[in-house]
Amino acid sequence: MKKIISIIGARPQFIKHAPMQLQLQKHFKSLTVHTGQHYDQNMSDVFFNELNIPEPDYLFDIGGSKTQGEQTGMMLTMIEKTCMDEKPDAMLVYGDTNSTLAGTLVAAKMHIPLIHIEAGLRSFNRSMPEEINRIVADEFAQLLFCPTQQAINNLKKEGIEHAGIYLCGDVMCDMLELIKPRLQQLFNEPYYFVTIHRPYNTDDEKRLKRILTTLNSLDKRVVFPIHPRTAARMRQFDMSMQDFKNIYFIEPVGYLHSVSYQQFASAVITDSGGMQKEAYMLRKPCITLRSETEWTETLVNNWNVLVFEEIERIPEKMSRDLGKYVDGIYGNGLAAQEIVSHIKLHF
Ligand code: UD1
Ligand code: UDP
């Protein structure tokens with residue numbers, strides 16, 4: 001049996017890996033490396049438990065706050081050592097985190113065939129670490145699985161046009177379909193569901209204050225599971241959660257609760273890539289606190305709108321008209337199955 005080693009490390013990657021692992025283990029010896037990029041119980045273990053992902057075969061401890069280089073470098077050393085020991089036939093990486101980059105560089109240097117899930121996404125904003133990470137992964141991958149036609153087009157524009165590129169839908173759609181029957185109402189009044197963790201929204205004190213002040217002034221309560229990066233910045237800037245009475249701050253939640261909160265919210269406000277897609281698939285209006293998005297399909301007919309400079313206009317954007325909903329843009333919930341059948345044929 002061929003051996004595939006999957007590299008995961010951040011919250012969205014555990015969620016993407018859940019449907020993939022179900023399929024991979026049917027046809028391959030499927031090993032998992034958890035880089036330790038995310039390590040809190042509610043940023044990591046909770047997903048393995050609730051999504052029935054087998055314990056990682058390798059779990060690294062890279063410690064907390066690190067610079068981009070230090071974090072990637074530590075992972076690189078440990079992934080390389082693991083690959084020297086395991087000699088995998090292929091490596092699989094997801095999305096665009098520093099764990100993706102570290103895996104990619106090891107695979108490229110060790111001549112291990114690389115599979116990239118969620119290939120071809122571009123924000124065209126090279127100041128984002130994620131944009132650098134995904135460009136490198138797409139450049140070195142032999143098999144690229146694109147969730148959308150736009151992603152295929154982006155690759156083409158960069159001259160990436162080889163035989164290993166496939167349009168397969170989005171594995172996050174698979175996961176959403178799996179969880180849908182279990183969704184539950186968790187908050188008993190009308191509310192908006194909010195997550196914010198991008199450095200450009202959290203690391204500038206004035207901007208973070210403007211965002212929180214605007215959320216605090218909205219006409220409905222705001223449920224906000226706070227990412228550790230955002231919580232750390234609030235502490236650093238001496239901002240008290242008590243000062244934002246309209247915001248119900250909670251610890252990061254598991255996947256079932258995250259999707260449940262979205263399902264029953266009046267709208268979603270976020271800077272998360274995954275949540276823009278989930279909001280769309282759940283037919284929830286979304287406001288994205290970014291100047292651009294990789295998930296351009298969500299912008300169709302105002303279902304998602306970008307707000308960057310004009311944070312104070314969020315209330316006004318809430319009352320926008322929505323046009324026709326376009327169904328099925330992220331696939332039919334069978335992406336993982338299709339991806340694994342391509343991988344099988346390839347090897
Ligand atoms: C990372 C990804 C981002 C993704 C996000 C998902 C990169 C460059 N960024 O950003 O693309 O959208 O994950 O959530 O890979 N921390 C904890 N506990 C944890 C995890 C993190 O305290 O369990 C702290 C870290 O110590 C660090 C900060 O949060 O100080 C940021 O973590 P990091 O993984 O570096 O970046 P994210 O902002 O989470
Ligand atoms: N999510 C979660 N708990 C939370 C917030 C988000 O399970 O408290 C889920 C969310 O439903 C989505 C994924 O995490 O499936 C998105 O990950 P994140 O926003 O951390 O990263 P991004 O997608 O921006 O890279």
Side-chain angles (χ1 to χ4, degrees), residues 7-19 34-47 50-51 61-72 74-75 93-103 118 121 123 127-134 136-137 170-176 178-179 183 186 193-203 223-233 235-236 249-263 265 268 270-282 284 286 288-290 293-295:
I7 311 294
I8 54 179
R11 173 167 70 186
Q13 295 172 323
F14 310 137
I15 295 164
K16 291 164 198 175
H17 188 55
H34 181 332
T35 63
Q37 181 173 347
H38 286 175
Y39 47 87
D40 290 344
Q41 196 278 337
N42 56 17
M43 293 292 289
S44 174
D45 289 3
V46 66
F47 300 101
E50 70 171 337
L51 306 179
D61 177 4
I62 59 164
S65 300
K66 294 271 178 295
T67 63
Q68 293 283 311
E70 199 180 4
Q71 190 184 67
T72 311
M74 287 178 82
M75 296 179 200
V93 294
Y94 296 92
D96 53 23
T97 71
N98 289 344
S99 301
T100 316
L101 177 65
E118 213 177 78
L121 273 294
S123 65
S127 69
M128 289 177 71
E130 291 84 359
E131 186 76 352
I132 302 165
N133 298 344
R134 47 172 97 98
V136 178
D170 197 310
V171 292
M172 288 190 84
C173 175
D174 296 20
M175 198 55 241
L176 196 71
L178 289 171
I179 208 81
L183 301 183
L186 299 166
F193 189 58
V194 173
T195 69
I196 291 160
H197 69 271
R198 299 278 165 206
Y200 44 70
N201 284 330
T202 60
D203 294 5
V223 177
F224 186 170
I226 188 159
H227 188 285
R229 174 192 282 282
T230 317
R233 292 300 168 269
R235 283 194 297 274
Q236 182 189 331
F249 289 100
I250 53 177
E251 291 290 313
V253 293
Y255 179 72
L256 173 63
H257 281 194
S258 175
V259 179
S260 292
Y261 273 120
Q262 291 178 74
Q263 170 72 47
V268 171
T270 192
D271 57 14
S272 156
M275 279 189 30
Q276 288 174 67
K277 281 186 286 180
E278 284 167 355
Y280 186 84
M281 290 186 274
L282 295 167
K284 288 290 155 185
C286 181
T288 297
L289 298 184
R290 292 183 49 183
T293 178
E294 304 80 33
W295 304 104

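On a predicted model such as this, the values are computed, not experimentally measured, just so you know. Every number for a ligand or one of its atoms is a count from 1 in the order of the listing.
- For ligand 2, the atoms lying closer than 4.0 Å to a non-hydrogen atom of G273 are 22 (P), 23 (O), 24 (O).
- Looking at E278 next to ligand 2, an N or O pair under 3.5 Å apart turns up.
- Note on ligand 2: M172 sits in its first shell, one or more heavy atoms being nearer than 4.0 Å.
- In the vicinity of V253, heavy-atom distances shorter than 4.0 Å reach the ligand 2 atoms 2 (C), 3 (N), 4 (C), 7 (O), 8 (O).
- Below 3.5 Å of separation, one finds no N or O of N133 facing any N or O of ligand 1.
- Between V259 and L183, some side-chain heavy-atom pair lies under the 4.5 Å cut-off.
- Short contacts between ligand 1 and R198, defined as distances under 4.0 Å to a heavy atom of the residue, involve ligand atoms 3 (C), 11 (O), 12 (O).
- For atom 39 (O) of ligand 1, the nearest protein heavy atom (residue, atom name, distance) is H38 NE2, 2.8 Å.
- Atoms of ligand 2 found under 4.0 Å from any heavy atom of S272 (numbered from 1 in listed order, with element): 16 (C), 18 (P), 19 (O), 22 (P), 23 (O), 24 (O).
- Against a heavy-atom cut-off of under 4.0 Å, P225 is close to the following atoms of ligand 2: 8 (O).
- Closest approach of T270 and C286 over heavy atoms only: CG2-SG, 3.9 Å.
- Looking from atom 24 (C) of ligand 1 to the surrounding protein, the closest heavy atom is Y39 OH, 3.9 Å.
- For P12, every heavy-atom contact with ligand 1 shorter than 4.0 Å involves the side chain, none the backbone.
- What sits closest to atom 8 (C) of ligand 1 on the protein, heavy atoms only, is N98 OD1, 3.3 Å.
- In summary, K16 and D170 do not engage in a salt bridge, as defined by a charged side-chain N under 4.0 Å from a carboxylate O.
- Not a single N or O atom of F47, backbone or side chain, sits closer than 3.5 Å to an N or O atom of ligand 2.
- Using a distance-only test at 3.5 Å, with no hydrogens or angles considered, a donor-acceptor pair links the side chain of Q37 to the main chain of S99.
- Assignment of H197 to the shell around ligand 2 is supported, since a heavy atom sits closer than 4.0 Å.
- A perpendicular orientation is assigned to the rings of H17 and Y94, their planes being inclined by more than 60° (bins at 30° and 60°).
- The single protein non-hydrogen atom nearest to atom 9 (N) of ligand 1 is E130 OE2, 3.4 Å, given as residue, atom name and distance.
- Scanning all heavy atoms of the two residues, the minimum distance from T195 to F224 falls at CA-CE2, 4.1 Å.
- Residue contacts with ligand 2: Q262 is included, with a non-hydrogen atom under 4.0 Å away.
- Here NE2 of H227 is found 12.0 Å from CD of E251. Values are rounded to the nearest 0.5 Å.
- Close contacts between ligand 1 and G64 involve ligand atoms 26 (O) [criterion: under 4.0 Å to a heavy atom].
- Atom 23 (O) of ligand 2 has its closest protein heavy atom at G274 N, 2.8 Å.
- Under a 4.0 Å criterion applied to the non-hydrogen atoms of I15, ligand 2 contributes the atoms 9 (C), 13 (C), 14 (O), 15 (O).
- Those atoms of ligand 1 with a heavy atom of H227 less than 4.0 angstrom away are 14 (O), 37 (P), 38 (O), 39 (O).
- The shortest N/O to N/O separation between D271 and ligand 2 does not fall below 3.5 Å.
- Not one N or O on the side chain of T230 forms a donor-acceptor pair closer than 3.5 Å with the backbone of T202.
- Considering backbone and side-chain atoms together, R198 places an N or O closer than 3.5 Å to an N or O of ligand 2.
- Residue contact annotation: Q71 has a non-hydrogen atom under 4.0 Å from ligand 1.
- Taking the charged nitrogens against the carboxylate oxygens, E294 and K277 have no contact shorter than 4.0 Å, which rules out a salt bridge.
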Chi angles and distances behind the ring pair (Phe, Tyr, Trp, His ring centres under 6.0 Å) call for H34, F14: CA-CA 9 Å; H34 181 332; F14 310 137; 4.8 Å; yes
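- Without hydrogens or angle criteria, S260 side chain to L256 main chain gives a donor-acceptor distance under 3.5 Å.
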Before you tell me yes or no, could you show the steps for R229 and D203 under salt bridge (charged side-chain N to carboxylate O under 4.0 Å, His left out), namely the whole-Å CA-CA distance, both residues' side-chain angles and the distance that decides it to 0.1 Å? CA-CA 9 Å; R229 174 192 282 282; D203 294 5; 3.4 Å; yes
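- In terms of N/O distances under 3.5 Å, ligand 2 is approached by R11.
- Using a distance-only test at 3.5 Å, with no hydrogens or angles considered, no donor-acceptor pair links the side chain of N133 to the main chain of L101.
- Two residues are said to be in side-chain contact when any heavy atoms from C-beta on lie closer than 4.5 Å; E131 and D96 fail this criterion.
- Closest to atom 4 (C) of ligand 1 among all protein heavy atoms lies H197 NE2, 3.8 Å.
- Close contacts of ligand 1 with D40, meaning ligand atoms under 4.0 Å from a residue heavy atom, involve 17 (C), 18 (N), 19 (C), 22 (O), 23 (O).
- Residue M172 comes nearest to Y255 through the heavy atom pair O-OH, 4.3 Å, listed as atom of the first residue, atom of the second, then distance.
- Listed by number with element, the atoms of ligand 2 under 4.0 Å from a non-hydrogen atom of Y255 are 7 (O), 15 (O).
- Heavy atoms of A232 come nearer than 4.0 angstrom to ligand 1 in no pair at all.
- A donor-acceptor pair is defined here as one N or O able to donate and one able to accept, closer than 3.5 Å; such a pair exists between the side chain of D61 and the backbone of G63.
- Residue, atom and distance of the protein heavy atom nearest to atom 25 (O) of ligand 2 are P12 CG, 3.6 Å.
- For atom 36 (O) of ligand 1, the nearest non-hydrogen atom of the protein is R229 NH2, 3.6 Å.
- What sits closest to atom 1 (C) of ligand 1 on the protein, heavy atoms only, is Q37 NE2, 3.7 Å.
- Interatomic distance, CD of Q276 versus OG of S272, reported as 7.0 Å (0.5 Å rounding).
- Counting only heavy atoms of the protein, atom 1 (N) of ligand 2 lies nearest to S258 OG, 3.3 Å.
- Among all non-hydrogen protein atoms, the one lying nearest atom 27 (C) of ligand 1 is S65 OG, 4.0 Å.
- A donor-acceptor pair under 3.5 Å is absent between the side-chain atoms of N201 and the main chain of D271, judged by distance alone.
- Considering backbone and side-chain N/O atoms, P252 never comes within less than 3.5 Å of an N/O atom of ligand 2.
- The closest approach between E130 and ligand 2 stays at or above 4.0 Å for every heavy atom of the residue.
- Looking at S123 and R134, their side chains come closer than 4.5 Å, going by heavy atoms from C-beta outward.
- Judged by distance alone, with hydrogens and angles left aside, the side-chain atoms of Q13 form a donor-acceptor pair with the main-chain N or O of A10 at under 3.5 Å.
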